[in-house]
Visitor: 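One structure follows; several queries about it will come next.
Excluded from the calculations below are hydrogen atoms, water molecules and symmetry mates; all remaining heavy atoms, backbone and side chain alike, are included. Predicted, not measured: the structure shown is a model, and the values here were computed from it. Note on naming: letters A, B, ... go to the chains in the order of the sequence lines (proteins, then strands), and numbering restarts at 1 for each one.
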Amino acid sequence: MKRVAVQAGDFDVAAELAALEALGGGGVASFTGVVRGGGGLIALELEHYPAMTKVQVDRICDEAMARWPLLGLSVIHRFGRLEPGARIVFVGTASRHRTAALESCAFLIDWLKSEAPFWKKEHFADGATGWVEARVEDEVKAKGWNGQD
Amino acid sequence: MKRVAVQAGDFDVAAELAALEALGGGGVASFTGVVRGGGGLIALELEHYPAMTKVQVDRICDEAMARWPLLGLSVIHRFGRLEPGARIVFVGTASRHRTAALESCAFLIDWLKSEAPFWKKEHFADGATGWVEARVEDEVKAKGWNGQD
Amino acid sequence: MLTIVYFAWVRERIGLDEEQVARPELGATVADLVAGLAARGGGYAEALGDATRLRAALDQRFVGLDTVIGDARELALFPPVTGG
Amino acid sequence: MLTIVYFAWVRERIGLDEEQVARPELGATVADLVAGLAARGGGYAEALGDATRLRAALDQRFVGLDTVIGDARELALFPPVTGG
């Protein structure tokens with residue numbers, strides 16, 4: 001099972017997890033990213049490159065499935081305007097081996113952070129806006145999975 | 001938020017995750033263990049040491065909260081007779097840092113495997129039964145978190 | 001008296017969840033007590049004969065079998081745990 | 001012709017999502033094309049003046065700025081990604 005979705009709407013974490021549990025694998029790992037409030041943030045606007053996003057996320061998922069003995073995975077990434085508390089991203093993996101489920105989940109979220117063509121713009125209560133800067137740490141982390149410097 | 005439960009009944013993964021997401025941390029990681037079928041297995045019987053279990057799991061949770069910047073965690077472990085497909089264990093963690101959420105989740109499930117006083121007995125369709133043997137790998141993994149050999 | 005609690009196949013082989021025994025002499029370790037119980041033969045010998053397969057807790061804390069029992073009130077004997 | 005698509009603050013500074021440009025000469029790299037666009041001044045200079053802040057994709061694959069454009073049909077220019 002490989003489920004990849006890039007969508008504006010919210011998703012049902014329970015349904016995603018239930019589908020992964022039903023694969024009978026023994027272990028299901030997940031990560032959910034949520035818009036963090038504070039500092040006067042009223043919304044995050046996620047822009048993406050539609051022609052590229054789905055293909056890119058698909059490729060990353062295939063890589064995870066080649067690398068770990070997974071029974072299934074589910075990756076969902078939202079775009080558009082999201083308010084604090086809203087879910088942005090979900091990664092779920094199922095495997096007979098808990099380490100495979102947990103590691104592949106970490107791998108996928110690291111890659112989404114550094115390799116998926118999404119950009120975040122912050123909107124503040126005072127009308128100010130600003131594009132979120134990429135963190136060097138994220139690029140380093142994704143490269144780490146390849147054993148590169 | 002620290003939620004620890006040792007119970008016979010099932011639990012609601014969606015409700016646990018929603019409580020963790022509501023902490024506003026940005027990242028929620030989870031692991032759910034499910035009874036694996038196959039080989040004629042009809043049920044798993046989980047025995048535990050009630051006077052010790054809750055105290056021990058609490059202690060492990062405190063250690064995770066001291067070690068990673070967590071906003072909250074939730075650990076649920078079931079006991080009693082569980083059929084294939086049933087959930088056994090849930091670990092959920094919330095943090096502003098996705099790495100903290102993912103690592104602490106892996107830490108907790110590794111420790112539950114090697115340090116929580118639970119024992120699993122397998123029941124097969126032909127009437128045979130057998131206690132699951134501890135895997136050396138699990139003891140090694142838990143020790144790895146302490147930098148011990 | 002000292003309470004001993006048994007779990008998993010240790011419990012099944014001995015046929016008891018729990019029992020009271022006379023408090024062992026000063027300085028006795030868990031291993032000393034286990035050897036004494038195994039010497040009873042039968043299910044005790046089956047359950048406790050090979051100490052390398054056993055784990056123990058004193059007053060709900062994991063301890064090595066070389067730990068002195070001291071004034072602990074509850075000793076638990078069981079196989080390596082398999083939770084999670 | 002070559003289609004160029006812009007994202008995030010590159011798009012905002014240039015004021016366009018997408019445009020068609022004459023296909024660059026044989027052997028031209030992404031960096032060569034970026035330098036030519038930046039030379040238009042105004043929003044282009046603001047968006048593309050500092051190539052170290054840019055990332056690129058040719059036909060929906062990430063490439064370094066030193067990559068030859070060749071017969072690619074779509075070039076995308078954008079800042080480092082911040083998804084997840």
Side-chain angles (χ1 to χ4, degrees), chain A residues 6 31-36 44-60 75-80 82 87-91 105-123 129-143, chain D residues 1-21 23 30-31 33-34 37-38 42-67 69-84:
Chain A
V6 178
F31 180 85
T32 307
V34 173
V35 179
R36 214 152 62 190
L44 215 52
E45 191 186 331
L46 274 104
E47 180 172 331
H48 77 126
Y49 181 2
M52 186 170 176
T53 316
K54 185 72 164 32
V55 173
Q56 189 74 6
V57 177
D58 252 329
R59 195 186 62 75
I60 291 168
V75 173
I76 307 173
H77 205 306
R78 293 177 70 187
F79 58 85
L82 302 174
R87 297 181 191 95
I88 308 174
V89 63
F90 172 84
V91 173
C105 183
F107 166 84
L108 284 163
I109 189 70
D110 283 353
W111 273 85
L112 287 170
K113 287 264 172 197
S114 64
E115 299 282 327
F118 286 89
W119 298 272
K120 287 188 186 124
K121 187 177 189 171
E122 294 175 319
H123 292 260
T129 62
W131 291 93
V132 174
E133 295 273 337
R135 297 192 309 163
V136 172
E137 184 195 323
D138 288 331
E139 292 195 299
V140 168
K141 218 168 248 166
K143 290 210 173 76
Chain D
M1 302 295 280
L2 172 70
T3 300
I4 314 186
V5 291
Y6 303 113
F7 294 99
W9 53 253
V10 175
R11 173 181 57 70
E12 287 184 336
R13 290 178 190 174
I14 291 174
L16 288 174
D17 290 355
E18 178 177 335
E19 65 181 309
Q20 306 283 324
V21 298
R23 184 159 282 283
V30 174
L33 185 70
V34 164
L37 291 166
Y44 285 96
E46 272 178 59
L48 308 175
D50 179 1
T52 64
R53 301 189 61 200
L54 297 178
R55 298 291 181 272
L58 277 174
D59 289 343
Q60 297 91 48
R61 289 187 163 265
F62 289 117
V63 295
L65 269 66
D66 57 351
T67 306
I69 294 168
D71 56 3
R73 291 191 291 186
E74 184 171 281
L75 168 67
L77 296 173
F78 44 76
V81 301
T82 54

Visitor: Specify which of D:E74, D:R61, D:E12 makes the most heavy-atom pairs with chain A at under 4.5 Å.
Guide: D:E12
Visitor: Select one option (side chain, backbone, both, neither) describing which atoms of A:L46 are under 4.5 Å from chain D's heavy atoms.
Guide: neither
Visitor: Check D:V81 against A:A134 and note the closest heavy-atom contact, atom names and distance.
Guide: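 Distance-wise, the nearest heavy atoms are O-CB, 3.7 Å.
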Visitor: With rounding to the nearest 0.5 Å, note down the distance linking CD in A:E47 to CG in D:D17.
Guide: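 Between atom CD of A:E47 and atom CG of D:D17 there are 7.5 Å.
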Visitor: Quick one: which of A:Y49, A:F79, A:F90 has the most heavy-atom pairs under 4.5 Å with chain D, could you say?
Guide: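 Among A:Y49, A:F79, A:F90, the one with the most close pairs to chain D is A:Y49.
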Visitor: For side-chain contact (heavy atoms from CB on, under 4.5 Å), just list the numbers for D:F62 and A:M52, CA-CA rounded to whole Å, side-chain angles, deciding distance to a tenth of an Å, and then say yes or no.
Guide: CA-CA 10 Å; D:F62 289 117; A:M52 186 170 176; 3.7 Å; yes
Visitor: In terms of heavy-atom contacts, does CG of D:D71 have more than 12 from other residues, nucleotides or ligands at under 6.0 Å?
Guide: no
Visitor: Most heavy-atom pairs under 4.5 angstrom with chain D, which of A:V91, A:L108, A:V55, A:V89?
Guide: A:V89
Visitor: Determine the interplanar angle of the A:W119 and D:F7 rings, folded into 0 to 90°, and report it as parallel if under 30°, tilted if 30 to 60°, perpendicular if over 60°.
Guide: parallel
Visitor: Can you establish whether the number of heavy atoms outside D:R73 located under 6.0 Å from its atom CZ is more than 12?
Guide: no
Visitor: Would you check if D:R53 and A:E133 make a side-chain contact, meaning some heavy-atom pair closer than 4.5 Å?
Guide: yes
Visitor: If I measure from the heavy atoms of chain D, does A:K121 come under 4.5 Å with its side chain, its backbone, both, or neither?
Guide: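 It is the side chain, since no backbone atom gets that close.
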Visitor: Let me know if A:A51 has heavy atoms under 4.5 Å from chain D in its side chain, its backbone, both or neither.
Guide: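 Its backbone and side chain both get close to chain D.
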Visitor: For residues A:V132 and D:T82, report the shortest heavy-atom separation together with the two atoms involved.
Guide: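 The answer is O-CG2, 3.3 Å.
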